[in-house]
Amino acid sequence: GFSTNVAVRVDLPAFRDAQGGRVSGWVAVGSLLACVHHRGLAGCALLGGGVRQVEGHDLDHARKATRPLAVAGARAALEIPLGGRIAAYVHVDLLGEIIETAVLVGGREAWTTPPVSGAAGAGLVAIFP
């Protein structure tokens with residue numbers, strides 16, 4: 001039937017060239033999921049929050065900033081039983097950003113939050129009665 005889940009995601013820093021220097025950013029987000037299951041498939045509503053950190057490198061007046069991050073979206077998942085109460089779990093997410101973030105370099109926008117993004121992941125699930 002139904003389940004609720006908690007997930008944590010931390011992305012490694014990504015870099016982009018900008019006006020002779022670089023800009024990097026990473027995110028850490030925790031999510032609550034409400035899922036409906038049918039056989040090995042699951043569909044979930046997702047709501048998450050966390051932080052996004054961006055930093056300038058080799059730029060005049062480079063700074064580091066940490067901003068709040070909020071997302072809402074959906075997850076499609078496949079659970080593969082491994083035996084007992086353990087299963088492998090693979091998923092894809094479609095996420096909408098609730099809080100917009102823009103990175104400015106020299107007064108110009110070098111990056112902005114996309115309105116929709118995706119993520120994929122895998123893990124292990126412990127199934128409780």
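Along the sequence shown, residues are numbered consecutively beginning with 1. All values reported here derive from a predicted model rather than from experimental measurement.
- Screening residues 52-76 for salt bridge (charged side-chain N to carboxylate O under 4.0 Å, His left out), with sequence neighbours left out, gives R52-E97, R75-D93.
- With sequence neighbours excluded, the residues satisfying side chain to side chain contact (heavy atoms under 4.5 Å, CB included) with A62 are L59.
- Hydrophobic cluster membership differs between V54 and V71, with clusters built from Ile, Leu, Val, Met, Phe, Trp and Tyr side chains linked at under 4.5 angstrom.
- Applying the side chain to side chain donor-acceptor pair (under 3.5 Å) criterion to Q53, with sequence neighbours excluded, gives W26, T66.
- Atom CG of L95 and atom CG of L47 lie 10.5 Å apart (nearest 0.5 Å).
- The CD1 atom of I99 lies 9.0 Å from the OG1 atom of T113; values are rounded to the nearest 0.5 Å.
- Nearest heavy-atom pair across T101 and W111 is O-CZ3, 4.0 Å.
- Annotation for A88 and L124: closest pair CA-CD2, 4.3 Å, computed over non-hydrogen atoms.
- Of all the heavy atoms in V29 and G49, the pair that sits closest is CG2-O, 3.4 Å.
- Listed by first and then second residue, the salt bridge (charged side-chain N to carboxylate O under 4.0 Å, His left out) pairs involving residues 1-21 are R9-D11 (not counting sequence neighbours).
- Residues passing the ring-ring contact (aromatic ring centres under 6.0 Å, His included) test with H57, sequence neighbours excluded: F15.
- Linking Ile, Leu, Val, Met, Phe, Trp and Tyr whenever their side-chain heavy atoms come within less than 4.5 Å puts V27 and L46 in one cluster.
- Contact detail for V105 and A110: the closest heavy-atom pair is CG2-CB, 3.8 Å.
- In plain terms, the two heavy atoms of Q19 and G106 that are nearest each other are OE1-CA, 3.9 Å.
- Residue pairs satisfying the disulfide bond (SG atoms under 2.5 Å apart) criterion with at least one member in residues 96-129, sequence neighbours excluded, are absent.
- Taking all atoms of both residues into account, the shortest heavy-atom contact from V90 to A122 is CG1-CB, 3.9 Å.
- A distance of 6.0 Å separates CG in N5 from SG in C44, rounded to the nearest 0.5 Å.
- In this structure, the side chains of V6 and L32 come closer than 4.5 Å at one or more pairs of heavy atoms.
- For the atom pair OG (S3) and CD (E79), the distance works out to 7.0 Å, reported to the nearest 0.5 Å.
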message = Let's go through L33 and T4 carefully: what are the C-alpha distance in whole Å and the side-chain angles of both, what is the deciding distance for side chain to side chain contact (heavy atoms under 4.5 Å, CB included) to 0.1 Å, and is it a yes or a no?
response = CA-CA 6 Å; L33 296 100; T4 56; over 6 Å; no
